[in-house]
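All remarks here apply to the structure that follows.
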Amino acid sequence: MNPFKEKLSLDAIRALQSNRLKKTITHAYNNIPYQKNKLDKAGIHPDDIQSIEDIHKLPFTTKEDLRKNYPYGMFAVPMNKIARIHASSGTTGQPTVVGYTKNDLDVFDEVVARSLYVAGAREGMIMHNAYGYGLFTGGLGIHGGATKLGMAVIPVSVGMTDRQLTILQEFKPDVICCTPSYAQFLGQEFYKKGIDTKELQLKYAVLGAEPWTESIRAQVEADLSVKATNIYGLSEIIGPGVSQESVLEQGTGSYIWEDYFFPEVVDKNTGEPLPYGEEGVLVFTTLTKEALPIMRYWTNDICSIQYDENSALPYIKMSKIKGRADDMVIVRGVNLFPTQIEEVLADVDKIVPNYQMHVDRKNSLDSICVKCEVKQGVSVEDKLLIKQLQSQIRAKIGIACDVELTEPFSMPESQGGKTQRIFDVRKI
Ligand code: ADP
């Protein structure tokens with residue numbers, strides 16, 4: 001199956017967006033009392049929304065709105081029309097509950113099939129799906145899209161790493177889908193066992209659910225002998241497959257399937273829309289969702305969006321997520337995302353991008369300690385290396401910090417879920 005058989009032009013996408021937005025807002029207004037109330041309060045009636053250009057008139061939706069309506073208060077269809085229920089991972093608090101009609105699940109399959117296709121997957125290939133199955137949208141979401149594409153899916157789920165290594169060797173999958181930290185971990189485990197990953201059938205890794213950078217890509221590509229691309233998504237919008245990086249255009253951002261999810265980037269303080277290319281909070285409006293239509297969902301993820309005139313498909317692209325707005329720590333007045341540390345570590349040869357940031361306050365002064373793993377054969381007492389890391393972090397980020405080197409493979413092992421990089425124990 002080729003999900004791009006029918007090529008949409010950007011004009012056709014715009015027309016679809018306008019049409020779908022009008023329907024979505026009317027549907028939400030008529031069927032979700034909470035959203036009707038919110039629109040009434042903002043003085044907006046669905047008739048005020050005539051095209052996609054009117055989207056900025058709409059109020060934002062936040063995780064808090066979903067939490068207030070826990071579990072089903074934001075559903076726009078009766079429960080007998082709901083075909084599946086998932087929940088967010090709960091990384092930042094109480095999980096939010098999301099529902100899908102059969103049509104919503106078809107859209108989910110469609111956007112994941114598109115995503116896997118641009119990642120390099122094809123009909124007839126085998127998918128090793130090491131995203132968690134269960135309430136998390138990752139496992140079943142990737143499963144449905146891979147099936148739609150015509151792949152054979154191995155529903156491995158997370159954990160039991162030895163079994164994963166055996167399956168990767170013996171079942172000969174072509175594609176693996178998991179978190180980037182788990183891909184790193186699998187690579188290390190193959191190395192420890194002396195298994196040459198070039199002997200595997202694996203060609204592509206589709207990685208997402210947490211922020212990652214070019215340094216992790218380089219490590220995973222080398223350690224697993226694959227081409228690795230980014231998949232992004234969130235349960236409130238649908239799950240994985242909201243956007244995907246093309247394997248032919250690595251490093252240029254991820255295509256957002258904007259005929260289904262309309263993206264905006266807004267100023268994190270004022271909520272004002274920002275021009276293409278400027279970094280801010282990513283906001284999505286669903287354009288076809290029946291069970292959980294969401295207008296202007298404040299993802300809290302920081303990135304920029306932009307059209308790329310050299311790309312093969314007409315869709316807008318988003319940059320890699322720098323972090324969640326609430327992953328940002330302010331240390332002695334400097335705003336800091338863990339991915340910034342990761343980028344500095346990428347330039348240093350003797351370490352691997354496996355790290356943690358520990359933030360504390362001593363004698364009313366913020367202190368930060370970066371712990372990172374050294375490569376095999378490098379001493380954790382290497383004073384020169386510690387100095388080099390400290391001065392590079394200071395030069396690139398403008399912050400003085402302690403650095404602690406840890407033994408190879410000493411960081412907590414990823415079991416496939418999201419990895420915690422920041423440990424902020426300051427009492428505010
Ligand atoms: P939770 O918000 O509880 O973690 P989800 O499981 O729905 O729930 O996760 C969605 C979030 O995961 C996104 O908002 C984003 O912060 C993060 N995420 C997903 N994919 C990526 C990715 N490719 N890069 C960076 N962050 C990602």
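Along the sequence shown, residues are numbered consecutively beginning with 1. As the structure lists them, so they are numbered: ligands from 1, and atoms in each ligand from 1.
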Which protein non-hydrogen atom lies closest to [atom], naming both residue and atom, and how far is it?
atom	answer
atom 13 (C) of ligand 1	D301 OD2, 3.3 Å
atom 17 (C) of ligand 1	A209 O, 3.6 Å
atom 2 (O) of ligand 1	R324 NH1, 3.1 Å
atom 3 (O) of ligand 1	G90 N, 2.7 Å

Proximal ligand 1 atoms for [X], defined as those under 4.0 Å from one of its heavy atoms:
X	result
K63	2 (O)
S235	7 (O)
N230	22 (C), 23 (N)
I231	20 (N), 22 (C), 23 (N)
F136	6 (O)

Next item on the list: Tell me, with the steps shown, if F4 and W257 meet ring-ring contact (aromatic ring centres under 6.0 Å, His included).
Entry: CA-CA 12 Å; F4 298 102; W257 309 125; 5.7 Å; yes
Item checked: K418 heavy atom under 4.0 Å from ligand 1 ->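 Flag set, K418 near ligand 1.
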Notebook entry, point to check: Just checking, R421 and F337: is the charged tip under 6.0 Å from the six-membered ring centre and within 45° of the axis?
Noted result: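 Relative to the ring axis of F337, which defines the angle, R421 lies outside at least one limit.
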Checklist line | Considering all heavy atoms, the nearest E221-A228 contact | finding: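 Taking every non-hydrogen atom into account, OE2-N, 2.8 Å.
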Item checked: Closest heavy-atom pair and its distance - S235, T137 ->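 Shortest heavy-atom separation between S235 and T137 comes out as CB-CG2, 3.7 Å.
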Check: Parallel under 30°, tilted from 30 to 60°, perpendicular over 60°: which one fits the rings of Y182 and F185?
Finding: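 If you compare the ring of Y182 with that of F185, the planes turn out tilted.
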Margin query: Over 60° means perpendicular and under 30° means parallel, so tell me whether F409 and Y191 are parallel, tilted or perpendicular.
Written below: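 Correct class here is tilted.
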Notebook entry, point to check: Where the closest heavy atom to atom 19 (C) of ligand 1 is concerned, which of P211, G208, S243, G233 has it?
Noted result: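 The residue whose heavy atom sits nearest atom 19 (C) of ligand 1 is G233.
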Margin query: Are any of the N/O atoms on E210, whether in the backbone or the side chain, positioned under 3.5 angstrom from an N/O atom of ligand 1?
Written below: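 Among all N and O atoms of E210, at least one is under 3.5 Å from an N or O of ligand 1.
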Item checked: K289, R296, K63 screened by salt bridge (Lys or Arg N to Asp or Glu O under 4.0 Å) with E236, the one that passes ->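 Testing E236 for a salt bridge (Lys or Arg N to Asp or Glu O under 4.0 Å) against K289, R296, K63 leaves exactly one candidate, K63.
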